[in-house]
Amino acid sequence: MTDPTQTAALPPGGGRTAQRIRALVHSPSGVAGLVIVLALALLALVSAAGVLPHDAITQDPPARLQGPSAAHWFGTDQFGRDVFARTAAAVSNSMLISITAVALATVVGTVSGIAAGFYRRLPDAIISGVTNVLFAFPPLLLALSLASVLSRNWFTIAAAIALVYVPIFIRVTRGPVLSLREVDYVRAATATGQSRLAIMARHVLPNIMPIVIVQVTLSLSWAVLTEASLSFLGLGTPAPAASLGSMILDARTLVQIAPWTMLAPGALVVALVVGLNLLGDGLRDVLDPRSGDTK
Amino acid sequence: MLRDLIRRPLVHRLVAALGTLLGVAVFVFVMLRAIPGDQITAGLGTEAAALTPAQRAALESYYGIDRPLPVQFFSWLGNLVTGNLGFSSRAQTSVLDLTAQSLPVTLELAVLSIVLALVIGIPLGMLSASRPNSPRDLVGQAIGLAGLSIPAFLLATTLLSVLAASFGWNPNGQGYARLTDGPLLNLQQMLLPSLVLGFGIAAPIMRTTRTAVLDVRSQDFVRTARAKGVPPRRLQVRHVLGNALVPILTMTGLQFGYLLGGAVVVEQIFSLPGIGRQVLLGIQQKEYAVVQSTVLIIALAFVVVNLLTDLLYRVIDPRVRAA
């Protein structure tokens, strides 16, 4: 397969940050995405800080399945728990897992991708081999199998999702690094006797940052979907912790009598993914040299 | 001469795919050995604690897990190659038989979903591209964004509860009908699941079509064709879409992974006895022999599809043949 990233012209690094931020601000969908994501992040922070009037786990059986009211904005679930508090806690949980997963995948994948592209030969053969093996699994299936063998908590779920996205980061960074190796200023740096590590950190990494940043936002939206799907299948963070997927699973049988139990987590999981996708698209238009002419 | 050119990369691709499959086998094997406890504890649960050391040793030797790991791996691999994929004690059948029952269900679901996705995605992408940034483009893009952002399980759950509650229509409530038993009921049962999966795959196909069509349309040969009077419809289909097919095909091939993962979710919700449900049941019932072999079969299917997509390029795009 021909790799389009391999021949892509690379943008000059740095110096254009201000220009890029301006361009992002002028992209309405990028701004909309940023606003949605920030609003949900604020909700997650408020929930994590424990300043909401209700707690996500405390049960109150007499108050079960109540409709939305001043006391319970999104109503209560079958155990009398506040749906708003649970949804907020679930968003917080989802963000924690997704951000951790993507952070792990970014660091491991980018470092491996740079190493594979820069050293070539044996490291490249090993890293590319592992990448191909991981790519041979459908993403959700890989996360699912890993989650099934791990003792589940938020971190192991994040690690399982991270492993799925490591090969993507390897693949998007390796190609550009291969072509960067032949660029004059990298050759000049090699000729002046700078160490390989220094060259990779100073000349290679900054140049592939735009690609990595775009990949991070897109991967975040997939990670949120994966985490929600895992918990819907009963392979996410164990109960009673709130999770968007497991809330929707519970609401499945209640939706006729208490539609609010489905509405809140359903709307917020879609809002979160839409926000991340819009932000990712906006960033890609600004940062990715390949998409510049297709707007 | 030309044949050699086609063959050499082919052989190379095949060898690489075999190597990948071996790696996949090692990975699956190691992953399932990483389970806290072992198959005996997993199978018996808390009762495993009541086993005497002799009983435990007997079980270990029965399952073969007292042997060194490499020996276990190669005996498993040897069994796989000869068609022995293990035995499911719950279903009282071999995993091979289970898979022979479940694989056609998932294949049907996959084919229907991809057809629906192409039927929705390509025209929508062309419509969006026909007038960029117009209202119709924005609507097309909004549908694409929805397809990317609505989780399959949410869409499936909502569709199922709305249709079942408001219209009393739930073909999946009764037992699964094979295509050969009751084609009409089977297609009804497949409609919602393949719509859900197809909608998810239509989104990236729509986006790729839009980008590719805009890209091709700006090229010189399209202007030349228009100048020499090619009718607009023929220009759109033969000149523009024909050349945009390679990226669309790539994207469709890539979606197969989403499809196989999504099948786990959708088959579970709509009670379809496919291969995704087989994995999930295996996980829930802690039948690791079933999980191990089924995951391997799915990965094999995925590798084969990727290989076929690669080969299809050579048919569609003569330029790849020369490269």
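Just the heavy atoms: all of them, side chains too, but no hydrogens, waters or symmetry mates, feed the values below. Within every chain, numbering begins at 1; the chains are lettered A, B, ... in the order of the sequence lines, protein sequences first and strands thereafter. Predicted, not measured: the structure shown is a model, and the values here were computed from it.
Top candidate by heavy-atom pairs under 4.5 Å with chain A, chosen from B/Ile150, B/Val295, B/Leu22, is B/Val295. Ranking A/Val269, A/Leu272, A/Leu235, A/Asp281 against chain B, the residue ahead of the rest is A/Asp281, based on heavy-atom pairs under 4.5 Å. Between chain B and the options A/Leu249, A/Thr226, A/Val133, heavy-atom pairs under 4.5 Å are most frequent for A/Val133. By number of non-hydrogen pairs under 4.5 angstrom with chain A, the leading residue of B/Ser218, B/Ala17, B/Gly23 is B/Gly23. Annotation: maximal heavy-atom pairing with chain B below 4.5 Å, among A/Ser29, A/Gly234, A/Gly129, A/Ser229, occurs at A/Ser229.
One finds the CG atom of B/Leu154 at 12.0 Å from the CZ atom of A/Arg252 (value rounded to the nearest 0.5 Å). One distance of note links CG of B/Leu148 with CG of A/Asn277; it measures 5.5 Å at 0.5 Å rounding. Rounded to the nearest 0.5 Å, atoms CG (A/Leu278) and OG (B/Ser149) are 7.0 Å apart.
Taking all atoms of both residues into account, the shortest heavy-atom contact from A/Ser148 to B/Ile283 is CB-CG2, 3.4 Å.
Both the backbone and the side chain of B/Val24 come within less than 4.5 Å of a heavy atom in chain A. For B/Arg217, no part sits under 4.5 Å from any heavy atom of chain A, backbone or side chain. With a 4.5 Å cut-off on non-hydrogen atoms, B/Ile269 touches chain A through its backbone and its side chain both.
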Donor-acceptor contacts under 3.5 Å from residues 134-147 of chain A side chains, at least two apart:
unit_1: A/Ser145; atom_1: OG; unit_2: A/Leu141; atom_2: O; d: 2.6

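Contacts with chain B (heavy atom to heavy atom, under 4.5 Å) involve these residues of residues 159-166 of chain A, listed by number: A/Leu163.
Counted within 6.0 Å of CZ on A/Phe155, heavy atoms from surrounding residues, nucleotides or ligands total 12 or fewer; the atom is thus considered open.
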